[in-house]
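Note sheet for the following structure.
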Amino acid sequence: MISKWARYFLAALIPALTPAVAGAEGYNLQAPQTIIAHEIYDLHTLIFLICCAIFVAVFGTMTYSIIKHRKSVGHKAEQFHENTLVEIIWTIVPFIILIGMAIPATKTILAMKDTSNPDLTIKATGYQWKWGYDYLHEGVSFYSSLATPRDLVEDKTPDGARKRAEHANYLLEVDHPVVVPIGKKIRMIVTANDVIHAWWVPAFGVKQDAIPGFVRDTWFRVDKPGTYRGQCAELCGKEHGFMPIVVEALEPEKFALWLAEQKKLTAANAMASGSLDGKGVYDKICVACHAAGVAGAPKFGDKAAWAPRLKQGQEVLYTHALHGFKAMPLKGGATDLPDEQIKAAVDYLSAAGK
Amino acid sequence: MEAATHAEAAHGHAHGHDDHAHHPSGLMRWVTTTNHKDIGTLYLLFSLTMFFIGGLLAFGIRAELFQPGLQYWEPEFFNQLTTMHGLIMVFGAIMPAFVGFANWQIPMMIGAPDMAFARMNNWSFWLLPPAAILLVSSFFVPGGAPAGGWTIYAPLSTQMGPGMDLGIFALHIMGASSIMGSINIVTTILNMRAPGMTLMKMPLFVWTWLITAYLLIAVMPVLAGAITMILTDRHFGTNFFNAAGGGDPVMFQHIFWFFGHPEVYIMILPAFGIVSQVIPAFARKPLFGYASMVYATSSIAILSFIVWAHHMFTTGMPAAGQLFFMFATMLIAVPTGVKVFNWIATMWKGSMTFETPMLFACGFLFVFSMGGFTGLVCAITPIDIQIQDTYYVVAHFHYVLVAGSLFAIFSGTYFWLPKWTGHMYSETLGKAHFWLSLVFFNVTFFPMHFLGLAGMPRRIPDYALQFADFNMIASIGALGFGLSQLLFVAAIIKCARGGEKAPAKPWEGADTLEWTLPSPAPYHSFETPPVIK
């Protein structure tokens, strides 16, 4: 009954207010691409309009009072200070309006939670500071990192501002986007490796915290091929602003081709990473912090910083590297590497610090 | 005026042998004072100082966000700025400001000579400066200040350097100070009211503080527990929040927000109290629906304990959890609505004038309510999933904390300055302060709604190009808002140093007990309690 009323209300108001509410890009929620995102969008519009109506009524009254009931126009104060009927009415009416909002919201919540019967399941893992994706049952895994060059971000010259302005998808581009087929129900299993992150694609109406040690799931079905961009939404340390999410939605045939190619690549990568030596691991992993001395990390080749650490003995350094120590994440974040390779990297670093 | 003279005479009689303001002079007066008015002043000055330190950090944030690219700070330092801005404003500026108001006003408004525990009062204040020094000095230790957000979510906060420990100790000390202050306020209100002042005759500011004090006593220990667990996780090998050791990172959020949501009301209920004193005084009409105001405040306080997980909808709780916390949260709109309606009904058919305190109270009503509406939008779980941790939320809580709490603090300051200093403040400065604050506040924070809806996450030092325009506007607004606050300091200094003599009751419609005392209020007041009929 009430949701029907709400629908009439919407039907009457949306055409009138659409230009103001939804017209301009950048003022409202992003154009929704999934059924859930659509429901959220409509829910927001409904509640926004109800709030506007209440705002106009309440503050219209207040403004009228401010203009008419002022001493400077000679208004004499009346001394009433209660009215039980009015007070009951303005307690009950808002309550009824709230019920009208809660009903459609409840329906959407239940729909969002229904992750059953997916066509494809992808695991997203948050790392400091990139995303890892595993296509479960397909054997395809890869990392997805920011593709915008750091030099461009840090360029402080006037020229830098211009270059950034001309750089399409600045900060919203990655080296390996996660690829999904259109028209299929995709279940995202979301977890993290170090601290809490959040996997968020606004156009899908999907945001799920990635919690280390726990798995959570959510789902979406996108119908239009295209590239959809989001960002990590939970503060996860210094590079929190630099771990975007890019989802590419392809037609199922193209997706199948992509998947086949990825399977080959993944197999090849596994071979390659099996042969990494200490330097190789350092160049790939450790360099992120140990090159510049981020978060108290001893710099590569900085003898003063390394001397007290080397005194502790190689075994202690191995333990710290393998299990994490202060800001140093376990295995430097590369938990998929075998212990031997991490130890080789420790040897490589400590040799340079002697 | 007559009542004031009478109180003065009774006072002189009781203490004929003694000077009214008998106390050590110079610095020692402030260090050793047990006088509620001195301690109130100390709290307010402390809060003002922290407000400007926190404001400076906000400048740092908005400067970096003025345009895309990393211009001034490393991302790590940017995170320190946002974290410390939040911690300092919440624990250093807003909360102590309200305790300052409580110290000055509660004894005078209930006809008590002082606070119940005068020495503990001194101790609760003097804990704050060392805590503030600990907190701010964390910028200068290796690794810098806490950078995990003011919510210090685990396990990120277990990664930080020693600055985090300083922050935890500072919070512990501030928490102890708050608990002592609250016990003092509860005891004073329950035991030291003048004869005839029943609970339902208390001014609403006293009521809101009574409820706030109970909230503080209930939740500050919870915060202390949460941060102690972080501390032991960091240094003593426990695994409360470390999943690898059998702990649960989400449990930290549950405990934190069980403190954090009542904390939100701790920061707004006294503001409701101030506005409930100011509006009737300038409408020259009694507060509409006094009893329903008391009930509404109490319901908000009770509901505040069962809504905490609405901060955590994206952690992935079961549908039943999302539904319960959504319904409970929406319910808060009812008593909050009642309060707003009551204030407007108080204005209705009054005889209003618009001196600075009233301007800020009207500004509060208007802008705080917008924060209330966006709060309702955030309460709807599916919408919250989209806007959680975006600039929409940043806009929402600045609408309630700046336009709500801070505007009420401004309103109360101008309202009671004549009583505190014995001088009228400059209306010109006050009005300029109001209008500039109102305009720049909205220039700063209104565009953030658009940013959040369009998908800009909070706590990021750099952003995608489509967010550039609104960020630039917000940064310009922040500069204007910050500079406008210098007018506030100017108005206070000018008023403290001199100016037109304030009468005992400068506001025609004010009717609470403090206005029966002369201005400035004598050092000791109501040693013989007034009788309320």
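Reminder, nothing fancy here: chain letters follow the sequence lines and each chain counts from 1. From a predicted model like this one, the values you see are computed outputs, not experimental measurements.
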Chain A contact via B/Gln386 - which portion, at a heavy-atom distance below 4.5 Å: both
Is the side chain of A/His44 donor-acceptor paired with the backbone N or O of A/Tyr41 at a distance under 3.5 Å, no angle test? no
Under a plain distance cut-off of 3.5 Å, with no hydrogens placed, do A/Glu173 and A/His167 share a side-chain donor-acceptor pair? yes
Among side-chain atoms of B/Arg284 and B/Thr353, is any donor-acceptor pair under 3.5 angstrom? yes
Heavy-atom cut-off 4.5 Å, strictly under: side chain, backbone, both or neither for A/Ile66 against chain B? both
Under a 3.5 Å distance rule, please check whether A/Arg164 uses its side chain to pair with a backbone N or O of B/Pro68 as donor and acceptor. yes
Between B/Phe470 and B/Phe450, what is the ring plane arrangement, given parallel below 30°, perpendicular above 60°, and tilted in between? tilted
What part of A/Cys236 gets within 4.5 angstrom of chain B, counting heavy atoms only: side chain, backbone, both, or neither? backbone
Could you tell me which portion of B/Met317 (side chain, backbone, both or neither) has an atom closer than 4.5 angstrom to a non-hydrogen atom of chain A? backbone
Name the member of B/Phe373, B/Tyr290, B/Phe467 that forms the most heavy-atom pairs with chain A at distances under 4.5 Å. B/Phe373
I'd like to know if the side chain of A/Glu239 and the backbone of A/Gly237 have a donor-acceptor N/O pair within less than 3.5 Å. no
Under a 4.5 Å heavy-atom cutoff, which of A/Gly213, A/Ala102, A/Gly74 has the most pairs with chain B? A/Ala102
Can you label the angle between the B/Trp507 ring and the B/Phe282 ring as parallel, tilted or perpendicular, going by 30° and 60°? tilted
Per-residue contact mode, B/Ala319 against chain A (heavy atom under 4.5 angstrom): both
Looking at chain B, which one of A/Glu82, A/Gln30, A/Met62 has the largest number of heavy-atom pairs inside 4.5 Å, strictly under? A/Met62
Under a 3.5 Å distance rule, please check whether B/Ser351 uses its side chain to pair with a backbone N or O of A/Ala77 as donor and acceptor. no
Looking only at heavy atoms and a cut-off of under 4.5 Å, which of B/Leu376, B/Ile460, B/Ile385, B/Asp469 has the most pairs with chain A? B/Ile385
If I measure from the heavy atoms of chain B, does A/Cys232 come under 4.5 Å with its side chain, its backbone, both, or neither? backbone
Examine whether an atom of A/Ile109 lies under 4.5 Å from a heavy atom of chain B, and if so say whether it belongs to the side chain, the backbone or both; otherwise answer neither. both
Toward chain A, the part of B/Phe366 with a non-hydrogen atom under 4.5 Å: both
I'd like to know whether the aromatic ring centres of B/Trp348 and B/Phe341 sit less than 6.0 Å apart in this structure. no
Polar side-chain atom of A/Arg229 near backbone of A/Ala203 as donor-acceptor pair, under 3.5 Å: no
So, the part of A/Leu29 with a heavy atom under 4.5 Å from chain B: the answer is both
Say whether B/Asn242 and B/Thr158, considering side chains only, have a donor N or O and an acceptor N or O under 3.5 Å apart. no
Sort A/Arg216 into side chain, backbone, both or neither according to what part of it lies under 4.5 angstrom from a heavy atom of chain B. side chain
So, the part of A/Glu39 with a heavy atom under 4.5 Å from chain B: the answer is neither
Identify which part of B/Ala379 has an atom lying under 4.5 Å from any heavy atom of chain A, answering side chain, backbone, both or neither. neither
Counting only heavy atoms closer than 4.5 Å, note whether B/Gln67 contacts chain A via side chain, backbone, both or neither. side chain
Part of B/Asp248 lying under 4.5 Å from any heavy atom of chain A: both
Give the minimum heavy-atom separation between A/Lys68 and A/His75, together with the two atoms involved. O-CB, 3.8 Å
Of the listed B/Ile380, B/Thr82, B/Thr315, the one with the largest count of heavy-atom pairs under 4.5 Å with chain A is B/Thr315
Give me the atom names and distance for the closest heavy-atom approach of A/Leu235 to B/Gly148. CD2-C, 3.3 Å
When you measure from the centre of the six-membered ring of A/Phe80, is the NZ or CZ of B/Lys285 under 6.0 Å away and within 45° of the axis? yes
Select one option (side chain, backbone, both, neither) describing which atoms of A/Glu87 are under 4.5 Å from chain B's heavy atoms. side chain
Residue B/Gln388 versus chain A: region with a heavy atom under 4.5 Å: both
Under 4.5 Å to a heavy atom of chain A? For B/Arg458 that would be backbone
If only atom types and distance count, is the side chain of B/Arg459 paired as donor or acceptor with the main-chain N or O of B/Thr83 below 3.5 Å? no
Which atoms of A/Ile196 are under 4.5 Å from chain B, going by heavy atoms: the side chain, the backbone, both sets, or neither? both
I need the residue from A/Tyr64, A/Phe214, A/Trp90 with the largest number of non-hydrogen atom pairs under 4.5 Å to chain B. A/Trp90
Separation between OG1 of A/Thr108 and CD1 of A/Ile40, rounded to the nearest 0.5 Å: 7.0 Å
Proximal component of B/Ala291, with respect to chain A [non-hydrogen, under 4.5 Å]: neither
Please classify the contact between A/Leu110 and chain B as side chain, backbone, both or neither, with a heavy-atom cut-off of under 4.5 Å. side chain
Under a 4.5 Å cutoff for heavy-atom pairs, which residue among A/Pro94, A/Ser72, A/Ala210, A/Ala105 has the most contacts with chain B? A/Ala105
So, do A/Phe55 and A/Phe48 have ring centers that fall under 6.0 Å from each other? no
B/Pro461 versus chain A, heavy atoms under 4.5 Å apart: side chain, backbone, both or neither? side chain
With chain A, which of B/Pro382, B/Ala454, B/Gly452 has the greatest number of heavy-atom pairs at distances under 4.5 Å? B/Pro382
Please determine, among A/Gly241, A/Ala198, A/Pro202, the option with the most heavy-atom pairs under 4.5 Å with chain B. A/Pro202
The interface call for B/Phe77 against chain A, heavy-atom contacts under 4.5 Å, is neither
Engaged part of A/Met112 at the chain B interface, taking heavy atoms whose separation is under 4.5 Å: side chain
Taking A/Ser65's backbone N and O only, do any of them form a donor-acceptor pair with B/Lys349's side chain (distance below 3.5 Å, no angle check)? no
With ring pair (Phe, Tyr, Trp, His ring centres under 6.0 Å) as the test, would you mind laying out the steps for B/Phe368 and B/Trp343 before giving the verdict? CA-CA 13 Å; B/Phe368 167 79; B/Trp343 287 321; 7.5 Å; no
Against chain B, label A/Asn83 side chain, backbone, both or neither, depending on which of its atoms sit under 4.5 Å from a heavy atom there. both
Cut-off 4.5 Å, heavy atoms of chain B, and the answer for A/Phe59 is side chain
Pairs of heavy atoms under 4.5 Å with chain A: top-ranked of B/Gly316, B/Ala147, B/Gly144, B/Ala243: B/Gly316
Under the 3.5 angstrom rule, does the side chain of A/Glu154 hit a backbone N or O of B/Leu70 as a donor-acceptor pair? no
Chain A shares the most heavy-atom pairs under 4.5 Å, among B/Tyr463, B/Tyr392, B/Phe78, with B/Tyr463
Check each atom of B/Met347 against the heavy atoms of chain A and say whether the ones under 4.5 Å are side chain, backbone, both or neither. both
Is there a donor in the side chain of A/Tyr170 and an acceptor in the side chain of B/Asp462, or the other way round, less than 3.5 Å apart? yes
Against chain B, label A/Lys76 side chain, backbone, both or neither, depending on which of its atoms sit under 4.5 Å from a heavy atom there. backbone
